[in-house]
Amino acid sequence: MRVDLQAAAPGPSIGSLCSGYGGLDLGVQTVLGGTIAWHAEVDPGPARILSRHWPGVPNLGDIRAVNWADVPEVCVLTAGFPCQRRLGRRPSRRTG
């Protein structure tokens with residue numbers, strides 16, 4: 001059974017930065033209600049998961065390239081930690 005995460009839920013509008021697969025968004029939405037207004041995720045795998053679970057919610061992509069003046073304002077902003085390997089700040093393999 002699939003749950004419609006965007007059903008007209010009363011509560012705040014939610015924006016999500018560095019969304020990953022949307023786990024934090026789902027938790028916030030479960031507690032506060034409301035709807036996800038937009039995601040910002042660059043990784044194709046998690047972006048596919050987001051589009052499946054939140055169909056119709058735009059993915060803004062790379063937060064460095066977004067014109068924030070054009071983005072709808074939200075009441076709640078969630079943010080995950082950006083993947084350090086994608087940013088080139090960590091080696092691809094752990095040492096020690």
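Residues A37 and P58 share a closest heavy-atom pair of O-CD, 3.4 Å. Minimum interatomic distance between G34 and Q29 (heavy atoms only, all atoms of both residues): O-NE2, 3.1 Å. Counting all heavy atoms, side chain and backbone alike, G20 lies closest to P46 at O-CB, 3.2 Å. Of all the heavy atoms in E73 and S13, the pair that sits closest is O-OG, 3.9 Å. Considering all non-hydrogen atoms of both residues, A40 and N59 come closest at CA-OD1, 3.6 Å.
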Applying side-chain contact (heavy atoms from CB on, under 4.5 Å) to W38 and L17, what does each step give before you reach the verdict? CA-CA 9 Å; W38 43 262; L17 302 173; 3.7 Å; yes
Determine whether W54 and D25 satisfy the following criterion, side-chain contact (heavy atoms from CB on, under 4.5 Å), listing intermediate values before the conclusion. CA-CA 10 Å; W54 285 278; D25 307 338; 4.2 Å; yes
Let's go through I36 and H39 carefully: what are the C-alpha distance in whole Å and the side-chain angles of both, what is the deciding distance for side-chain contact (heavy atoms from CB on, under 4.5 Å) to 0.1 Å, and is it a yes or a no? CA-CA 8 Å; I36 305 295; H39 291 105; 3.6 Å; yes
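Contact check for P12 versus V74: no side-chain heavy atoms found under the 4.5 Å cut-off.
Expressed to the nearest 0.5 Å, how far OH of Y21 lies from NE2 of H53 amounts to 10.5 Å. We find the SG-CG distance between C18 and D43 to be 11.0 Å, quoted to the nearest 0.5 Å. To the nearest 0.5 angstrom, I63 atom CD1 is 9.5 Å from S19 atom OG.
The side chain to side chain contact (heavy atoms under 4.5 Å, CB included) check on V28 picks up I14, L24, L32, V76, T78, with sequence neighbours excluded. Residues that satisfy the salt bridge (Lys or Arg N to Asp or Glu O under 4.0 Å) test with D62, not counting sequence neighbours, are R64. Among residues two or more places apart in sequence or in another chain, the side chain to side chain contact (heavy atoms under 4.5 Å, CB included) test is passed with V66 by L60, W68, V71.
Placement of V42 and I49 in two distinct hydrophobic clusters is found when ILVMFWY residues are connected by side-chain heavy-atom separations under 4.5 Å, directly or transitively.
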